[in-house]
Number of protein chains: 2
Amino acid sequence: MTHNTAPPDELTFWSFVDYAVQKAERELPSVNAEAMRMVLTLNRATSMVVYDLESSVHRPRGWTWPGFRVLFALWLAGPMEAKTTAEISGMSRAALSALLNTLERDGLITRERATHDRRALQLSLSEAGYGAILGVFRAHNRRESAWAQALEPEERRELVRLLNKLMAGSTDAEAKFRN
Amino acid sequence: MTHNTAPPDELTFWSFVDYAVQKAERELPSVNAEAMRMVLTLNRATSMVVYDLESSVHRPRGWTWPGFRVLFALWLAGPMEAKTTAEISGMSRAALSALLNTLERDGLITRERATHDRRALQLSLSEAGYGAILGVFRAHNRRESAWAQALEPEERRELVRLLNKLMAGSTDAEAKFRN
DNA sequence: CCCAGATGATCAAACGTTTGATGAATCTGA
DNA sequence: TCAGATTCATCAAACGTTTGATCATCTGGG
């Protein structure tokens with residue numbers, strides 16, 4: 001730290017982005033400050049939304065966000081191979097395997113060997129899982145709505161467009177993804 | 001599922017958002033589809049960015065993303081109380097406590113009892129931590145830059161504006177945050 | 001037909017996170 | 001002054017995730 005600048009008295013989750021970007025720019029002239037600000041802000045916003053949804057909707061019902069994602073996928077797309085579930089719910093095969101132990105123990109899903117390929121696993125929602133997902137999703141979506149209200153309809157569409165563009169551009173960046 | 005619609009042959013991480021939103025709208029007319037799409041897209045984009053940064057920058061160096069966040073905060077804001085570190089790096093006090101065990105074991109930080117309040121903890125970057133953070137941050141920022149290039153400068157600013165507005169609106173939504 | 005290589009799932013160890021409980025230090029107010 | 005309440009940190013148990021290894025099952029080329 002060559003140019004030492006005292007941090008503001010009160011450094012908070014909110015104010016840290018501005019502080020960090022400005023400080024990094026001073027310390028490291030070669031830094032890409034705009035990229036830094038974008039990634040920092042993206043992460044903070046998402047972590048706030050996730051924390052709120054998880055702690056207000058899922059945990060009180062004895063669920064977790066990842067568990068919900070799996071049940072949600074099975075609910076909407078129907079029974080499918082575990083490989084597909086992992087792909088569309090954005091987790092590795094190993095992570096899903098561990099997660100399924102909990103979901104199976106709680107009687108929410110069914111694991112079955114596939115007939116056409118005895119290595120593969122066929123996943124389905126159990127009766128209990130099917131009975132629970134709708135109510136949980138409704139609560140989840142109500143909370144999503146509360147968040148969405150912070151933006152105008154036009155702004156929501158623009159946000160989605162920008163995020164999609166960001167994801168699409170990732171292939172150019174040769175980003176690393178889940179196998 | 002009243003109106004059963006077969007999922008497309010190939011359901012991927014990318015295509016699932018569209019599929020899920022459309023299907024949910026058919027199944028549940030009362031759903032707020034735009035809110036659902038926004039939250040789903042926000043999470044996918046962020047998880048791609050985080051996975052890429054973690055697997056291409058931090059894990060290969062024996063670090064983790066949360067560990068980096070703590071070291072980054074200490075680097076930019078200087079020695080501070082653990083409470084502040086938890087606040088600005090977005091984790092609970094308990095999570096930080098556990099994380100510090102690893103960082104301390106690896107010789108990257110120093111835990112010290114505060115003099116003015118013997119309950120409080122004073123955190124500092126160790127010599128080794130100080131020596132390592134700059135290089136890791138440079139690599140991190142290069143990768144951030146690659147992601148940022150997917151958007152035009154004007155779009156990046158707009159994305160940041162929208163995310164900030166989303167975070168600001170959260171208080172209206174009475175969202176739950178970390179104590 | 002058979003074997004080498006690919007693929008699907010699980011396991012093991014290490015890690016970070018959550019909630020709820022516990023212990024220690026400080027503060028508050030009668 | 002001092003007892004009760006508050007605050008800071010840690011602990012414990014349960015969970016989800018990562019990487020790398022292992023085991024079972026298919027698949028394709030000789």
Side-chain angles (χ1 to χ4, degrees), chain A residues 43 47-48 50-71 80-87 89-106 108-109 111-123 176-179, chain B residues 43 47-48 50-71 80-87 89-106 108-109 111-123 176-179:
Chain A
N43 270 288
S47 91
M48 286 181 71
V50 168
Y51 186 86
D52 172 57
L53 278 161
E54 180 138 31
S55 68
S56 73
V57 175
H58 300 299
R59 298 251 178 208
R61 289 169 171 79
W63 286 23
T64 62
W65 173 287
F68 170 74
R69 275 177 9 229
V70 166
L71 298 168
M80 66 182 107
E81 286 191 19
K83 200 194 167 185
T84 310
T85 311
E87 158 78 16
S89 53
M91 56 186 73
S92 73
R93 198 54 202 74
L96 178 60
S97 201
L99 183 49
L100 289 177
N101 291 332
T102 307
L103 297 178
E104 194 176 30
R105 185 205 60 195
D106 294 346
L108 297 167
I109 58 109
R111 258 199 261 230
E112 247 178 321
R113 221 79 225 178
T115 50
H116 58 91
D117 184 337
R118 280 175 305 165
R119 288 170 307 180
L121 214 57
Q122 186 76 7
L123 302 182
K176 281 195 180 179
F177 302 125
R178 239 171 273 285
N179 38 354
Chain B
N43 271 288
S47 91
M48 286 182 72
V50 168
Y51 185 85
D52 172 57
L53 278 161
E54 179 138 31
S55 68
S56 73
V57 175
H58 301 298
R59 298 252 179 207
R61 288 168 172 79
W63 286 23
T64 62
W65 173 285
F68 169 74
R69 278 181 2 233
V70 166
L71 298 168
M80 66 182 107
E81 285 190 20
K83 200 195 167 183
T84 310
T85 311
E87 158 77 17
S89 53
M91 56 186 74
S92 72
R93 197 56 203 74
L96 178 60
S97 200
L99 183 48
L100 289 177
N101 292 332
T102 307
L103 297 178
E104 194 175 31
R105 185 206 58 194
D106 294 346
L108 297 167
I109 58 109
R111 258 200 261 230
E112 248 178 322
R113 222 79 225 181
T115 51
H116 64 289
D117 183 338
R118 280 175 303 165
R119 289 170 305 181
L121 213 57
Q122 186 76 7
L123 302 182
K176 281 194 180 180
F177 302 126
R178 238 170 274 283
N179 32 357

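All heavy atoms count here, side chains included; hydrogens, waters and symmetry mates do not. Throughout, protein chains are lettered first and strands after them, A, B, ... in sequence-line order, and every chain is numbered starting at 1.
Among residues two or more places apart in sequence or in another chain, the side-chain contact (heavy atoms from CB on, under 4.5 Å) test is passed with A:A94 by A:S92. Qualifying salt bridge (charged side-chain N to carboxylate O under 4.0 Å, His left out) partners for A:R119, counting only residues two or more places apart in sequence or in other chains: A:D117. For B:S56, the side chain to side chain donor-acceptor pair (under 3.5 Å) test picks out B:R143, with sequence neighbours left out. Qualifying salt bridge (charged side-chain N to carboxylate O under 4.0 Å, His left out) partners for A:D106, counting only residues two or more places apart in sequence or in other chains: none. For A:A98, there are no side-chain contact (heavy atoms from CB on, under 4.5 Å) partners, not counting sequence neighbours. Residues meeting the salt bridge (charged side-chain N to carboxylate O under 4.0 Å, His left out) test with B:E104, sequence neighbours left out: B:R111. With sequence neighbours excluded, no residue satisfies side chain to side chain donor-acceptor pair (under 3.5 Å) with A:Q122. Every residue was checked against the side chain to side chain donor-acceptor pair (under 3.5 Å) condition with A:E112, not counting sequence neighbours, and none meets it.
Mapping A:M91 and A:H116 onto DNA chain D via the closest heavy atom, the residue that lands nearer the 5' end is A:M91. Residue whose closest nucleotide on DNA chain C sits further toward the 5' end, between B:D117 and A:A82: A:A82. Along DNA chain D, the nucleotide nearest to A:R119 and the one nearest to B:K83 differ in position, and the one closer to the 5' end is contacted by B:K83. Mapping B:G90 and A:E81 onto DNA chain C via the closest heavy atom, the residue that lands nearer the 5' end is A:E81.
For the pair B:R113 CZ and D:dA9 P, the computed distance is 7 Å after rounding to whole Å.
Here the shortest heavy-atom pairing between B:H116 and B:E81 reads NE2-OE2, 2.8 Å.
In the 5' to 3' direction, nucleotides of DNA chain C lying under 4.0 Å from heavy atoms of chain B begin and end at C:dC15 to C:dT26.
Taking a 4.0 Å limit (strictly below) on heavy-atom distances, residues 93-106 of chain B reaches DNA chain C at B:A94, B:A95, B:A98, B:L99, B:T102, B:R105.
With the end axes of the helix from C:dC1-D:dG30 to C:dA30-D:dT1 each set by five pairs, the angle from one to the other reads 10° at 10° resolution.
For the atom pair CD1 (B:I109) and CG (B:L100), the distance works out to 4.5 Å, reported to the nearest 0.5 Å.
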Distance-only criterion, 3.5 Å: show the donor-acceptor pairs between side-chain atoms of residues 60-67 of chain A and protein atoms not counting sequence neighbours.
| from | atom 1 | to | atom 2 | distance (Å) |
| --- | --- | --- | --- | --- |
| A:R61 | NH1 | A:V57 | O | 2.9 |
| A:T64 | OG1 | A:G67 | N | 3.1 |

